[in-house]
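Working notes, structure below.
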Amino acid sequence: MTAPYIQALARDGAHRFSKQPAQSLTLIAGLGVEGDAHAGVTVKHRSRVARDPSQPNLRQLHLLHAEIFEELAPQGFTLKPGDIGENVTTRGLDLLALGAGTRLCLGTEAIIEITGLRNPCAQLDHFQPGLMGAMLGRDAAGGLIRKSGVMAIVLQGGALHLGDPIIVIAPAGPLRPLQPV
């Protein structure tokens, strides 16, 4: 198995569903992706701002595993990096199995902390009909599996480039399963 790495990067300065591909990104500690509409200390997601704009931004960075593209292709879905709003597309890392508080070293400088799952929303169906349902599954016990990636905060900033390695640092103590944030 190949060591985990960054397959693709994306950002968008406006609140659009998809993000534009980028050769590199700069992460800023405590804020997120430089030049991205979701960067900030407080929440930037429109529906969350409407409820309480003073909430801390636990969604500074959206990561998605590239393997989901291959999983969805036989079902007729054509997705490419950035299409569903992710900033970092990973390869070789089971993001959904990570626990809350897991830290990822991205490239040579940046460190992020996983805060939770991205909850699939109806906008997915506006992008491609049926995509929201395809981004949901069930585990052996019947529990809901959300497949639309994870959210993180930036602890230490730095430059990210295509092909950069990803190092996983598990938090101390028992695994705390990810919940939607």
Item to check | side chain to side chain contact (heavy atoms under 4.5 Å, CB included) assessment of Arg146 paired with Leu136 | outcome: CA-CA 5 Å; Arg146 294 166 176 88; Leu136 297 169; 4.1 Å; yes

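- Rounding to the nearest 0.5 angstrom, the gap separating the CG atom in Asp83 from the NZ atom in Lys80 is 4.0 Å.
- Side-chain heavy atoms closer than 4.5 Å link hydrophobic residues (I, L, V, M, F, W, Y) into clusters, and following such links, possibly through other members, connects Leu72 to Leu64.
- From Thr90, atom OG1 reaches atom CG of Leu63 across 6.5 Å, with rounding to the nearest 0.5 Å.
- Checking side-chain atoms of Glu86 against main-chain N and O of Ala10 turns up no donor-acceptor pair under 3.5 Å.
- Met132 and Leu124 get closest at one heavy-atom pair: N-CB, 3.8 Å.
- Remark: side-chain polar atoms of Thr89 are not paired, donor with acceptor, to backbone N or O of Pro81 under 3.5 angstrom.
- Looking only at side-chain heavy atoms (C-beta outward), Lys44 and Thr42 come within less than 4.5 Å of each other.
- A chain of hydrophobic side-chain contacts below 4.5 Å, direct or via other Ile, Leu, Val, Met, Phe, Trp or Tyr residues, connects Val168 to Ile112.
- Listed here is the closest heavy atom pair of Leu175 and Ala97: CD1-O, 4.2 Å.
- Residues Asn87 and Lys19 form a side-chain contact, since some pair of their non-hydrogen atoms from C-beta on lies under 4.5 Å apart.
- Proximity of Asp164 to Leu106: side-chain heavy atoms (C-beta onward) are nowhere separated by under 4.5 Å.
- How far CD of Gln156 is from CD of Glu113: 13.0 Å, rounded to the nearest 0.5 Å.
- Distance CD1/Ile84 to CG/Leu131: 6.5 Å, rounded to 0.5 Å.
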Next on the checklist: Run Gln128 and Leu79 through side chain to side chain contact (heavy atoms under 4.5 Å, CB included) and show every step you take.
Outcome noted: CA-CA 9 Å; Gln128 289 185 29; Leu79 295 173; 3.8 Å; yes

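- Cluster membership for Leu162 and Ile167, using ILVMFWY side-chain heavy atoms within less than 4.5 angstrom, is not shared.
- Taking each heavy atom of Gly13 and Ala37 in turn, the nearest pair found is O-CB, 3.6 Å.
- Ionic pairing of Lys147 and Glu71 is present here: one or more N-O contacts between side-chain nitrogen and carboxylate oxygen are shorter than 4.0 angstrom.
- Under the 4.5 Å side-chain heavy-atom criterion for ILVMFWY residues, a single connected hydrophobic cluster contains both Val154 and Leu93.
- Val33 places a side-chain heavy atom less than 4.5 Å from the side chain of Leu61.
- Taking each heavy atom of Glu34 and Ile28 in turn, the nearest pair found is CB-CD1, 3.7 Å.
- In terms of heavy atoms, Asn57 sits closest to His38 at ND2-O, 2.9 Å.
- Leu98 pairs with exactly one of Thr102, Leu96, Asp94 by the side-chain contact (heavy atoms from CB on, under 4.5 Å) rule, that one being Thr102.
- Side chain of Arg91 to main chain of Gly163: no donor-acceptor pair is present (N/O by atom type, distance under 3.5 Å, no hydrogens or angles).
- Taking CG of Leu160 as the reference point, atom CG of Leu9 lies at 6.0 Å (rounded to 0.5 Å).
- Side chain of Arg176 to backbone of Ala100: a donor-acceptor contact under 3.5 angstrom is found.
- Within 6.0 Å of CD on Gln75 lie more than 12 heavy atoms contributed by other residues, nucleotides or ligands.
- Taking CZ of Arg118 as the start and CE of Met135 as the end, the distance is 7.5 Å to the nearest 0.5 Å.
- Phe77 and Phe69 fall within the same hydrophobic cluster, defined by Ile, Leu, Val, Met, Phe, Trp and Tyr side-chain heavy atoms under 4.5 Å apart, directly or through other members.
- Shortest non-hydrogen contact noted between Asp12 and Ser18 is OD2-O, 3.4 Å.
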